[in-house]
Each structure stands twice: as structure tokens, then as C-alpha cells.
Number of protein chains: 2
Amino acid sequence: MKQIRPTESELEILGVLWEKGPSTVREIHDILSQTKDAGYTTTLKLMQIMHEKELLQRDTSSKTHVYTAAISQQKTQQQLLDKMIDTVFGGSASQLVMQALGHHQSSGEELEKIRQYLTAIEKEQKENR
Amino acid sequence: MKQIRPTESELEILGVLWEKGPSTVREIHDILSQTKDAGYTTTLKLMQIMHEKELLQRDTSSKTHVYTAAISQQKTQQQLLDKMIDTVFGGSASQLVMQALGHHQSSGEELEKIRQYLTAIEKEQKENR
DNA sequence: ATTGTTGTACGAATATCTTCGTAAACAAAT
DNA sequence: ATTTGTTTACGAAGATATTCGTACAACAAT
């Protein structure tokens, strides 16, 4: 399986693309520059490199190119999670889960969803025993 | 608050130190080289740099130095989680939790622990309403 | 004492990431 | 047609991370 390792800056860009969908460099840059301090050409260059690396696709049919994420959020999440669980949480996923639950408030709804999820997993485990 | 940003390789070393406790370069290297391919002096150099950065402490009283992690696993976990939730999971901790639960088998005990944790959090939320 | 082994220190090469200046293409406005 | 603003392309500098060769010190075994 192909190992994708986006850098920190690349993840920021992917994050925006995942949320907003296909975007121009200008759009990405405007959003990023709210929280970060970098020139326009920096963002441009990054996205060009990401295109070379095949992290992004782009449509060059008009003068202003439109970029799209070429890797799915899900897959990227899973990959980064796996590595993190492995190196930082000593291999224990539930350790990570509890740490995450502890320090971020989630709405009651979200907690309820997680609870249902737990139940489903436990049920599945019983069946496969 | 001081932002710590260990690199990938540094995290690997920290991971071993957190698990095994104080260790020599040789011990760390032997473990890492099971899954990674790097020379001994590379590991040594990395740990020396980490000591300069104050990521590691070391005892130089004997010829063979003994290194210890200078930052806690908990704090590092939290910091990395926060950033990850922010950039990769669009700010949703529960999104991360479900993704993590989905693709890693946890024992029934662990799941039970998480369930209790959930209950505690929900109770707390009610009280603070 | 000589040899072999294991360790640290140091410097430098290499690789990778990040940043930005500059030039050229293009379109809209004057 | 010239100016102005927006965009891409490119190259190169700067910053950071990774890798390893070499030298030297400590020590054990012969």
C-alpha cells in the first residue's frame, strides 16, 4: 500500500480542500493567511509541489487553476492515526480515545453517537467469538 | 505555554523511552533497528540533539550515558492530538474517536473502560448545565 | 603493552521543507 | 496601446532534519 506522508503545511492545505471542495490558490491562501503568515507565492509553490507529488489534482482549463485533493480525508486520517497510536500511544487505540475524549468537549449528541458505536463494536466482537 | 514539536524520528525515540524507561543509546538503537534501518551513530546524534533541545535528559556519570525523556508522554499526546484534530479531523474530536475505534481492535475490557469514561463525561456535562 | 570492542563527539554531506523574489502570460480598465 | 492587477512558472536561498564517516577516549581481553 502506498504510504502517503503529507507535511504539516500540506495537511493545512488538504484540510481546507476537504472542507471547501475544489478551490483556487487564491481561495486557499486567503483562508490560510487568517491563521498563518506566508506570502501568496509560498502557498502557490506548495500546491504546485503537492500536484507533482500527486497529493492534489488540478484543472488548468482556465487561466486560474482549480485544485482538488487527490487523497481522501478518511484514508489520510486512518494512516496518521495508525502511526500516532503506534509511536505515541504505545499501540493502544483506546488510550488515544480516552485522551481525546478527556480534553475536548463534545456535544451530547456526539457522545451518544460514540456510545452507539461502542455498542455496535461490542456486539460484533461477541458474534465473532 | 511552550510548544514542543518533536520530529518523526524523535518521536520514535521518545516512544521507546516512555515504554522502557531510562536507556542507553545502544538499547534504543537495538530496538529501533528492528523496524528501521539506520546506523548507530545516527541514533546517537539524534539523541544528542534531542538533549540539546531539552527533549531528553542524560546521566553522564558513567562512560555509557543513560538518557531519559524530559517531556511527559501525556503532554505530548495531548499536544499532537490537538493539532491532529484541528487540521485533519476538521476540529471534531468525536470524529477522531470513531475513526480510531473503527479500525483497531480493542479488548472488551478496554471498550468497557471507554464506556465508563463516556458516562462520567456525560454526567459532568449534566451537572454543569 | 597491544589489540579489539564499545562508546562519545564532531563535522559535514545529503535530503527535505519552506519561503520568496522575479519574470512572463494574460485580462481588464483607462 | 499602455497601465494595472492577477496569475502561473521557475529558481534559488534559507531552514530544518537525517545520515554517516572519522577521530578519539575508555576499557577489557589477550
Atom-pair distance (CE on A/M50; C1' on C/dT18), nearest Å: 13 Å

Distance in Å, B/L14 CG paired with B/I71 CD1, rounded so as to fall on 0.5 Å steps: 5.0 Å

Within this structure, what is the CD-to-P distance between A/E27 and D/dT6, rounded to whole angstrom? 15 Å

Pair B/R5 + B/E10, salt bridge at N-O below 4.0 Å: no

What integer distance in Å separates A/H29:NE2 from D/dT7:P? 10 Å

At less than 3.5 Å, do the side-chain atoms of B/K63 and the base atoms of C/dT8 form a donor-acceptor pair? no

Is the shortest heavy-atom distance from the side chain of A/T43 to the side chain of A/R26 under 4.5 Å? no

Give one of base, sugar-phosphate or nothing for A/E10, where a contact means two heavy atoms less than 4.0 Å apart. nothing

Nearest-Å distance, CD1 (B/I13) to C1' (D/dA17)? 12 Å

Rounded to the nearest angstrom, tell me the gap between atom NZ in A/K45 and atom P in D/dA12. 11 Å

Base, sugar-phosphate, or nothing: which does B/T41 touch, judged by heavy atoms less than 4.0 Å apart? base

Mapping A/V66 and B/S9 onto DNA chain D by nearest heavy atom, which one lands closer to the 5' end? A/V66

Integer-rounded Å distance: D/dA12 P and A/I49 CD1: 15 Å

When you measure from the side chain of A/R26, which nucleotide among C/dT19, D/dA9, D/dT7 comes out closest? D/dT7

Applying a 4.0 Å non-hydrogen cut-off, can you work out what A/T64 is touching in the nucleic acid: base, sugar-phosphate, or nothing? sugar-phosphate

Looking at B/E27 and B/K20, is any side-chain nitrogen of the basic one under 4.0 Å from a carboxylate oxygen of the acidic one? no

Is it possible for you to say whether A/L11 and A/L44 belong to one hydrophobic cluster, with membership spreading through side-chain heavy-atom contacts below 4.5 Å? yes

Which part of the nucleic acid, if any, lies within contact of A/R5, taking any heavy atom under 4.0 Å across all strands shown: a base, the sugar-phosphate backbone alone, or nothing? nothing

Determine: side-chain N/O of B/Y40 to OP1/OP2 of C/dT8, distance under 4.0 Å, yes or no. yes

Looking at every strand, decide which applies to A/T7 at a 4.0 Å heavy-atom threshold: base, sugar-phosphate, or nothing. sugar-phosphate

Separation of C/dC20 P from A/L46 CG (nearest whole Å): 11 Å

Can you check the B/Q48 CD to D/dG21 C1' distance for me, whole Å? 14 Å

